[in-house]
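Below you'll find the structure, written out as structure tokens, and then a few comments.
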Amino acid sequence: MIISTRGKNALKLMLDIAEHNTGELVRLKDVAKRQNISEKYLEQIVSGLHREKLVSSVRGKNGGYSLTYTPEKYTVGQIIRAVESNMNPTDCYGENSAPCPNKPTCVNYRLWGRLDQALNEVLEGITLEDMLSWQNELYTDQYVI
């Protein structure tokens, strides 16, 4: 499984909204500047996040986005799944896998199942709050007087 640019940028967007959560809505235009991502591309990404109710939005001149929940309520897996179409490790494993008559006797199929399970455990075990903490650690580690 390869997490696409869309998935990586969804994480960046959610981190940015969480980091700039001052009680006011966060505008995509501002996120685009800070993260060096096209505003149009962010609009596509945020639509998936909004559809899954991970972000709330207000339209208009003073509109923008906010997190629907607090950062500790989001998992990385939840965010990535909102924008990725396929999270399976291979095309022969998972809900929408290709039909394969060898599945019952295929040792590789068992491996893909274990890989999928391990990947999901990692993605579901890390929250947006964890990511914010890691980001703050990086900022602190780079601070020089």
Audit row: Val26, Asn21, side-chain contact (heavy atoms from CB on, under 4.5 Å) steps and yes/no: CA-CA 7 Å; Val26 177; Asn21 181 18; 6.0 Å; no
Leu128 and Val76: CA distance, side-chain angles, deciding distance, side-chain contact (heavy atoms from CB on, under 4.5 Å) verdict: CA-CA 6 Å; Leu128 189 58; Val76 170; over 6 Å; no
Worked check of side-chain contact (heavy atoms from CB on, under 4.5 Å) between Thr90 and Leu115: CA-CA 10 Å; Thr90 69; Leu115 179 61; over 6 Å; no
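Across every non-hydrogen atom of Gln78 and Lys73, the tightest pair is OE1-O, 3.6 Å. The heavy-atom pair separating Cys92 from Trp112 by the smallest distance is SG-CD1, 3.6 Å. Here the closest non-hydrogen pair linking Tyr65 and Val55 is CD2-CG2, 4.1 Å. The two residues Leu25 and Asn62 have their closest heavy-atom pair at CD1-O, 3.8 Å. Across Gln35 and Asp16, no two heavy atoms sit closer than the pair NE2-OD2, 2.9 Å. Heavy atoms only, all atoms of each residue included: Leu132 and Ala18 are closest at CD1-CB, 3.6 Å.
With hydrogens and angles disregarded, no donor-acceptor distance shorter than 3.5 Å links the side chain of Tyr74 to the backbone of Glu129. With Tyr93 contributing its side chain and Asp116 its backbone, the two residues share no donor-acceptor pair below 3.5 Å. With Glu39 contributing its side chain and Ala32 its backbone, the two residues share no donor-acceptor pair below 3.5 Å.
Here the options are Asn9, Val31, Leu49, the test is side-chain contact (heavy atoms from CB on, under 4.5 Å), and the partner is Met14; only Leu49 passes.
With respect to Lys33 and Asp30, no salt bridge is recorded, no charged nitrogen being found less than 4.0 Å from a carboxylate O. In this structure, Glu124 pairs ionically with Arg81, as a charged nitrogen and a carboxylate oxygen lie closer than 4.0 Å.
Considering only heavy atoms from C-beta on, Tyr41 stays 4.5 Å or farther from Val46 through its side chain.
Distance check: Glu43 CD to His50 NE2 gives 13.5 Å after rounding to the nearest 0.5 Å. Rounding to the nearest 0.5 Å places NZ of Lys8 at 11.0 Å from CD1 of Ile37. Atom NZ of Lys40 and atom CD1 of Ile45 lie 14.0 Å apart (nearest 0.5 Å).
In this structure, a donor-acceptor pair under 3.5 Å is present between the side chains of Thr127 and Asp130.
Other residues, nucleotides and ligands contribute only 12 or fewer heavy atoms inside 6.0 Å of the CZ atom of Arg110.
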